[in-house]
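Labels below follow one simple rule: chain letters A, B, ... track the order of the sequence lines, proteins then strands, and each chain is numbered from 1. Just so we're clear, the structure is a prediction, and the values are computed from it rather than from any experiment.
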Amino acid sequence: MATEQETERGRFTITQSQRDRIARFVRKFRSNTKAMLGFSIVVMLVLVAIFAPIIAPYPIDATNIEDRSQAPSVEHPFGTDDLGRDIFSRVVMGSRISLYVGFGAISGALAVGAVVGVVAGYAGGLTDEILMRVMDAAMAFPPVLLALTLLVVLGPDLSNVIIALAFVYTPYIARVSRSAALAERNEAYVEAAIARGESDSRIVFSEVFPNCMAPMLVQGSLNVSFAILAEASLSFLGLGAQPPRPSWGLMINTGRGFMETAPWMLLFPALAIGIAVVGFNMLGDGLRDVLDPKVEAIE
Amino acid sequence: MQENGKGSDSSDSTGDGTRRSRFDRRTFLGAAATTGAVALAGCTGGGSDDSTTEDSGSTDEGGDTESTDTTAASGGKQGGTLQWGGAVPVQGLDPHIDTSAASKRVLENIYEEVVALQDDYSIQPHLAESMEQSDDNTLLTFNLRQGVTFHNGKEMTSEDVLASYERVQNGDYLATGFFDYVEELRAPDDYTFEVQLTEPFAPFLAKMATAELSVMPAENAEKDMVEEPIGTGPYVFESREIETSFTMSRNEDYWGASDEDGPFIDTIVKSEVPDPSVRLQSFLAGEYDFINGIAPKDVSRVEQAPDVRFEKQFPKSLVYLGLNCDVAPFDNKDARLALDYTIDKEKVAEAALYGTGQTTASPATPGSPWVNPDIEPRPRDLDKAQEHLDAAGMSDGFTATFKIPQSYPTQVQAAEVIAADAAEVGINLEIQQITWSTWLSDVYSNRDFQATTSSYLALWYPDVSFYKFLHPNGAFFFTNWVNEDYNALVEEARTIYDEQERADLYHQATEILHEERAGHLFLWWQPSLYGAASQYKGDIGAPDGSTLQFGDNWLDR
Amino acid sequence: MSMYNYVFRRVGFMAVTLFFVTLIAFAVTNILPGDVALLILGPNATEQSLEALQTQLGLNRPLYVQYIDWVVGLLQGNMGESLRFGEPVAQLIAERLPRSMMLAVAATLVAVVLSVPLGVYAAVNQNEAPDVSASMFAFVGISMPIFLWGLVFILVFAVWLNLFPTGGYVSPSEDLVGSLTRLVLPAGAMGFALTAYIMRMTRSSMLEVLSEEYINLARAKGMSQRVIVLRHALKNAIIPVITVIAFQFSYAFGGVVVLEEVFFWPGIGRLTLTAIQSRDIPLIQGCILVVALIYMFSNFAADLLYAYFDPRIRYGGDD
């Protein structure tokens, strides 16, 4: 992890070297096609989500049985669903749900996972062993299965999806941040801090932690795409977002029953998921290349 | 339980109208009166929204009970294997315990009862040659058929009937509650079976026609739970693989066998194909001779398919919106009325059923004399809805959770339309899809809900419609709507012999249901929908509208 | 640290992990809402019969007693009896597991058949059109979830082209052709999703090998490109690929829950869903435990292979 400048930089102010680092990062990021492409897709998604109510031409809940299951047309570019709702509007509004869940769950996982990982990595010994074995156990379940089981306990609801997915992805973040913390621990600046007699918690949170951010961000951005997918899967199984919310997974679930007669009900939300996931994956991949090619994210 | 489910409803075993019933009160009606000729010719099409199914022979009168069959099944071809693509997987195999329609669909062919329901909803002797009822209606005497053998080769005698009934009486089975009205069960000789009631109690005979009082060999009746069904029916249980397949074969020694009425088919293999799309596609590809549980949205595809027979048996079940009258906001009659006025029932039924159903304001079977012809579902009227909201002191509307069993796409569709409509006056119904088991425990048992949807099956008997789920002592009561006038009416109806007089009471009761906006807001009646290949002959279905009897079906290959 | 020590240590870790896995499986299922006794008896059960059944099922004992009983049972190969099916959980799982295995194995086969040649081809034509398009393909493959591939496959191959059934399962012993035609789409969809990873790995591994000395030597000797690639390079490049395949198998297995639902494939994934939906606690416990075990062991096997083949791994380093 540690680059040549880190050992000599000051602790509390942004030094020249840090500014250099940021500039270098931006430069590298810009020249990385994958990162830029992913970044553009993500920015576009965020913009769509923010301006969704303006973009969407129809109210998303207004049913209109006469116009049910209409093929794509000028009026309804993505067609209408089984209750006559405009699919384009619903897909556009659905971006909010996907991003909300994706970012929400991963922020939660980052918050918990980073603390667990950094503490484990820094403390080492028994604390490390216990924490990491618990994380291993949680990782021993296929993610969707674990989230599913948790959701049955918590009840089907979007905020519960976020909680369940945050729980599921915590160990992934924890693992990565632990490795990073482990590496940092042996750095000179940490030893210097110890020598200065600083408390462990201070060292962890103001020294080690900030330096573990890069790999966590990479892992986090990859995991956002997993979380978006997982939300779709859970909603597809009926345990995530509830109707009439325009969750992409839920729309796919309904659309599945109409594949023969109205395939657009399935195709457009599926396409939306594909684009979102490809976007975050590219961004994550690109970030990994840019920040440090040696960072091993867990896929 | 109903079968429009997309298939994950394999767990819904007890949600239907055939669950255990406890009649806590009163009086017996003469068999003639209770089983009154309701003469409902099976399929009456889609009612007001008129589905005018131009399909091939959808006016099927729902199958016939094996041998008492009177409609001409004009001799079928013997042999062959029927490949049946089944909707909901077969559940338990003990007829006295299991309540799922899916299990009944196979058990109806394996087990038989002393009396049987007919297409005109009358009850006729079946395993009995004749029956007599004493003048005071408390003694029922059945002369059992001779020469009826169980699938294990043993002859059926009154001892087996007695053992089967005593099993239910002394155990904790679906029909156990009915035996509160039984003073004694007797088997004076090998072919006579008597039921001595404590007082006249009409529903007993109707219950005798259901699988809850199927006749099993005495040695099986000793078991707490029967896992290998042995009955007297036209088909013999062969094997099953849970949630994969279920196989029955022709009973070579069936007592009622004849060249006219079968049984004809050698083997019936039910493949469990819970998803309606997969089932339909496989059927259209020729993999199955027969499928049940066609999704309403697919009806037009089946109708248009060449060489396919589409069958509709109406009515099968009643779907309703359940409102909890014990908790806010629906403890307030005006809140219930406000919601009622926001719903466009025709639109809701159309959205879910694609013209295969019929809206209703009565729990009584459409076409029966028990339906009050003057009462119609409330039309959508947002001004009136607002008036009632004002009267309820909730002028800005209110919010309530809306728990929907997710295995029923039609109910989910309906819920979405209802929620969107209600939102226009500020009534915010938050849909929550729940599994069937959660519905049973949370909504039904703990009554922890504000609004929900569900359905009832097998409402051919008016007491089931009016008492079982709308009277506080009824076995299915759960919406907490209590009205003493209503209760008095439906209690009295159980004691009335005269059909007209009885119908009058039910009409008055329906009026109260409507005026007071009872906790059950009826949405629609829906049919059973079947598809059969051209080589599959004979009437499909059973008189109760939801199960299947294959006795007189045959394959023309 | 030697390989043996490494394996030993990993097995030790696994045992501890396993303990936590049983704990999680037990804990999660025991806070499920919904009364099992009520579910069995139906909504009109009396209080007494409910209590009697709860006692009979042991549901009213302290949780830790239930846990210990359960673990002891597990060690004896007894996973309890399914509340819904009334059959031993082990038997139900034994019935379904082979079907899921069949799917996962077929998917892995599909993936290998597709990805290895593609990867080799991409590596040989590095940075040229075939390589770039293969990389794009791989990326899209990775990004789309398995269940979406499943749905797209159904739409294209079953609904539009009408080549295969949309789903369902037929036992191969009953109808081999019917069984295989039903296997094609789910295995294809899953295999397609797995292809991407394996292809990527094959490509980079091939690239690495192709730059080695001995390959250059072979070239200098005038061996044909074909012989070099197929006989020499691939043989060496395949080792890391095998480990990736092992990883992918576990990934495939994790994906079966949703995929089986998409294709109505009655394997352990659907069994788990059914169990969850009907609050069949012993069955849920059994299913998630078995799935977790398979997931864990195939990951473990992959780790070992990886460690065995890759000298860069420091045995005993952080895992």
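Between A/Asp82 and B/Glu416, the closest side-chain pair of non-hydrogen atoms is not below 4.5 Å. Using a 4.5 Å cut-off on side-chain heavy atoms (C-beta onward), A/Thr63 and B/Lys347 make contact.
Per-residue heavy-atom pair counts under 4.5 Å with chain A were compared for B/Ala419, B/Ala351, B/Ser277, and the maximum is reached by B/Ala351.
When the shell of 6.0 Å around CZ of B/Phe398 is examined, it contains more than 12 heavy atoms from other residues, nucleotides or ligands. More than 12 heavy atoms of other residues, nucleotides or ligands shown are found within 6.0 angstrom of CD on B/Glu424. At most 12 non-hydrogen atoms from other residues, nucleotides or ligands lie less than 6.0 angstrom from OH of A/Tyr100.
Taking CD of B/Gln433 as the start and CG of A/Asn253 as the end, the distance is 7.5 Å to the nearest 0.5 Å. Interatomic distance, CD of B/Glu346 versus CD1 of A/Ile65, reported as 12.0 Å (0.5 Å rounding). In this structure, the separation between CD on B/Gln406 and CG on A/Leu239 is 6.0 Å, given to the nearest 0.5 Å.
Heavy atoms of A/Glu260 lying under 4.5 Å from chain B belong exclusively to its side chain. With a 4.5 Å cut-off on non-hydrogen atoms, A/Arg245 does not touch chain B at all. Looking at A/Thr261, only its side chain comes within 4.5 Å of chain B, counting heavy atoms on both sides. In this structure, the portions of B/Val417 lying under 4.5 Å from any heavy atom of chain A include both its backbone and its side chain. Of the two parts of A/Ile60, neither the backbone nor the side chain holds a non-hydrogen atom closer than 4.5 Å to a non-hydrogen atom of chain B.
When all heavy atoms are compared, the tightest approach of A/Arg68 to B/Glu350 is NH1-O, 3.2 Å. For the pair A/Pro243 and B/Val412, the tightest heavy-atom approach, listed with the atom from each and the gap, is CG-CG1, 4.0 Å.
Within the 3.5 Å criterion, the main-chain N or O of A/Gly257 finds a donor-acceptor partner in the side chain of B/Lys297.
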Review point. Do A/Gln242 and B/Phe402 pass the side chain to side chain contact (heavy atoms under 4.5 Å, CB included) test, and can you show the C-alpha distance, the side-chain angles, and the key distance before you say yes or no?
Key: CA-CA 11 Å; A/Gln242 295 299 306; B/Phe402 195 14; over 6 Å; no

